[in-house]
Protein chains: 2
Amino acid sequence: MAVKPKVKCQKCAMYSETGLFCDVISPDELDGLSDESRTATLKRGETFSGEALTTWPIVAVATGVLSMQHLLEDGRKSIAALFMQGDIIDLRDISNRNRGHLIALSTSNVCRLSPAMFQRIMESNPDAQHVVWRNLRDQTFRAIDHSADLSKKQALEKLASFIFECRHRQARNVSENSVVIPVRRVDLAEYLGMQPETVSRCFRNLEERGIVELKSIKHVKLLSIPALRRIANGDKNPVNLRDPAKDTFKILSFG
Amino acid sequence: MAVKPKVKCQKCAMYSETGLFCDVISPDELDGLSDESRTATLKRGETFSGEALTTWPIVAVATGVLSMQHLLEDGRKSIAALFMQGDIIDLRDISNRNRGHLIALSTSNVCRLSPAMFQRIMESNPDAQHVVWRNLRDQTFRAIDHSADLSKKQALEKLASFIFECRHRQARNVSENSVVIPVRRVDLAEYLGMQPETVSRCFRNLEERGIVELKSIKHVKLLSIPALRRIANGDKNPVNLRDPAKDTFKILSFG
DNA sequence: CACAGCGTTTGACTTTCGTCAAACCCTTGG
DNA sequence: CCAAGGGTTTGACGAAAGTCAAACGCTGTG
């Protein structure tokens, strides 16, 4: 009977954007999932209670930015990951070990998916499985790349990498050399493991060198993408001075 | 007919260890997968050629330690992730974007799984799907936790966290307060985003304070787990001085 | 409209960690 | 068994980024 999406799904990006989870499942599956799931709007700084996450450990992000934050004993906190549109955050079975908190960085619309329905769809619908699998792998490699960025020592390099990360995530919506920074300076600093002051100094540095232009606090225009790319790749000099002998490793032949 | 595992699988940890992928699939599935897959032994420093990874993008780790390394233009490199027994590394569709290299840090036995067979088993066997899904989520949250560790400023804190990470991964095999560091100092330094000299100084620091004892270069005995835990959590003082008012965030109630 | 409060930027100073150089140690191979 | 080579440790020094303090700017609200 009900083959039209529920009211709450009709305007939700998880359904209306091409290729996201609720777009690739069948109308019946969407109907069942919708019945058992709960939408929510979070404002900046809000999180879910532990109780809510136990019952609803699977969160789909429709709009906005969520973060996984870790708190240290002395009050320092770090943002370990960012989640945006289309990300499905599956926290089943890890709430105890992992002491991270899921906190909104901007007003966000999310949908807490019914674990049972989600599981059933995953087991029966290869398309859905593919989308979710792909999204989780993207999250994994994003986190791995981010780890690589963090262990890159230079603050400027980390900022350059982050600008490309933002650009990559909004590839379609935005013109070629305009990038939106979707988080505040303080959050950006915590994500990159540095201080807001340092973030500010690095933006100024890039601007003084004519590599970017800050149209507003969150709109960055890229004036020299190659220069920014070289910085992100750890190339401080204008000429590439890498010694190719230093990074050899044996290649295991096909067998 | 063939319901006994292929010779190459009989001693492989992916099959013989409880709960790993090749242990939870059916004998027929294992048989088919084995026929289409390729085992390999890598020595320290060896990697797969790009060509090999295009044809065999799914690598299961049976023994040893593999790393995902990123090279910077000036020769610096960073180890962004570590893969150990039971990890299934799925590099399908990401070889181009992600410039990381999969490199062995110690002698390792791996199995390049047939993508077609892997996919078929994933779609038809919920148990296998569950194991692989769980493993990928572990990889994701390990990478996220690692990002949090890296953005924690202090070198000592990062080392303490790493010791717990090692302990966590070898929970069953080893006695309560003995931990094996499965990688060399240089690799450890690159994984934690610091210099080998700093790693050395931090180990000495922990030893001088009576928190750990180095039985050998890779065997660490934990003398005071609570003290190590406090360091890992960013608590520099003996007494916990955190101001609870500083880390409040609004909790979105159940709805 | 003006004020309050937070977020951001700037500058001066401090500290941690990286850099360089050399000694030491452990493994590997002749 | 000895020698060679890479990996690890130690110490002295320097630089990048953190800390502190204050000014500036934006935003929302009475």
Side-chain angles (χ1 to χ4, degrees), chain A residues 43-45 72 74-79 105-107 149-160 162 181-208 212 214-220 231 234 236 245-246 248-250, chain B residues 43-45 65 72 74-79 105-107 149-160 181-208 212 214-220 231 234 236 245-246 248-250:
Chain A
K43 290 204 287 287
R44 173 177 171 78
L72 280 68
D74 64 353
R76 277 176 292 170
K77 65 180 179 189
S78 62
I79 292 177
L105 296 184
S106 64
T107 303
D149 289 346
L150 288 175
S151 65
K152 266 180 204 177
K153 287 170 294 269
Q154 301 285 93
L156 198 64
E157 295 163 6
K158 291 194 274 191
L159 181 60
F162 180 75
I181 308 291
V183 297
R184 298 190 179 182
R185 291 285 186 273
V186 281
D187 299 328
L188 175 48
E190 272 161 11
Y191 181 60
L192 296 180
M194 47 208 240
Q195 302 311 118
E197 294 95 323
T198 308
V199 173
S200 175
R201 282 186 259 263
C202 288
F203 268 121
R204 182 156 50 121
N205 183 327
L206 289 177
E207 225 174 0
E208 283 169 358
V212 307
L214 284 137
K215 312 296 280 187
S216 80
I217 190 105
K218 56 174 40 184
H219 290 82
V220 178
I231 292 173
K236 280 186 284 278
K246 293 195 75 173
T248 52
F249 36 78
K250 298 178 198 118
Chain B
K43 289 202 287 287
R44 174 176 169 80
V65 181
L72 279 71
D74 64 355
R76 276 176 293 169
K77 63 181 180 187
S78 61
I79 292 177
L105 296 184
S106 64
T107 303
D149 289 345
L150 288 176
S151 65
K152 266 182 205 175
K153 285 170 298 262
Q154 302 285 91
L156 198 63
E157 295 162 7
K158 291 194 275 191
L159 181 60
I181 309 291
V183 297
R184 297 190 181 182
R185 291 286 187 272
V186 281
D187 300 326
L188 174 49
E190 272 160 13
Y191 182 61
L192 296 180
M194 48 208 240
Q195 302 312 116
E197 294 94 323
T198 308
V199 173
S200 175
R201 282 186 258 265
C202 289
F203 268 120
R204 183 155 51 121
N205 182 328
L206 290 177
E207 227 176 356
E208 283 168 358
V212 307
L214 285 137
K215 311 296 282 186
S216 78
I217 191 103
K218 57 174 41 181
H219 290 82
V220 178
I231 292 173
K236 280 185 285 277
K246 293 195 75 172
T248 52
F249 36 79
K250 298 177 198 117

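Order of the sequence lines fixes the chain letters, A, B, ..., with proteins taken first and strands second; residue numbering starts at 1 for each chain.
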Sugar-phosphate, base or nothing in reach of A:R201, heavy atoms under 4.0 Å: base
Atom-to-atom span, CE of A:M194 to P of D:dG18 - whole angstrom: 7 Å
Any donor-acceptor N/O pair under 3.5 Å between D:dC20 base and A:Q195 side chain: no
Validation row: B:I231, B:Q154 side chains within 4.5 angstrom (heavy atoms): no
Contact summary for A:E157 and B:L72, nearest pair of heavy atoms: OE1-CD2, 4.1 Å
Which nucleotide in C:dC17, C:dG7, D:dT9 has an atom nearest any side-chain atom of B:Q154: C:dC17
B:L214 CG - D:dT8 C1' separation (whole Å): 12 Å
Phosphate contact (C:dC6 OP1 or OP2) by A:R185 side-chain N/O below 4.0 Å: no
Proximity to the side chain of B:I217 - top-ranked nucleotide from D:dT8, C:dA21, D:dC20: D:dT8
d(CZ, A:F203; C1', C:dG7) in whole Å: 14 Å
First of A:G193 and B:R184 reached from the 5' end of DNA chain D, by closest nucleotide: B:R184
Heavy-atom side-chain proximity of A:D149 to A:F162 below 4.5 angstrom: no
Nucleotide C:dG7, atom P - distance to CD1 of A:I181 in whole Å: 18 Å
Any B:T198 side-chain nitrogen or oxygen under 4.0 Å from OP1 or OP2 of C:dG18: yes
Interatomic distance, B:E157 CD vs C:dT16 P [rounded to whole Å]: 12 Å
Identify all side-chain donor-acceptor contacts of residues 187-202 of chain B below 3.5 Å with residues at least two apart in sequence or on another chain.
| from | atom 1 | to | atom 2 | distance (Å) |
| --- | --- | --- | --- | --- |
| B:D187 | OD2 | B:R44 | NH1 | 2.7 |
| B:Y191 | OH | B:E165 | OE1 | 3.4 |
| B:Y191 | OH | B:E165 | OE2 | 3.1 |

B:K218 NZ to D:dT9 P, straight-line distance once rounded to whole Å: 13 Å
Minimum-distance nucleotide to B:S200 side chain [options: D:dA17, D:dT10, C:dC17]: D:dT10
B:R204 vs D:dT9: side-chain N/O to OP1/OP2 distance below 4.0 Å: no
Value in whole Å for how far the C1' atom of D:dA16 lies from NZ of A:K158: 11 Å
Pairwise side-chain contact, B:I79 with B:L105, heavy-atom cut-off 4.5 Å (strictly under): yes
Between P of D:dG14 and CD of B:E197, the distance in whole Å: 17 Å
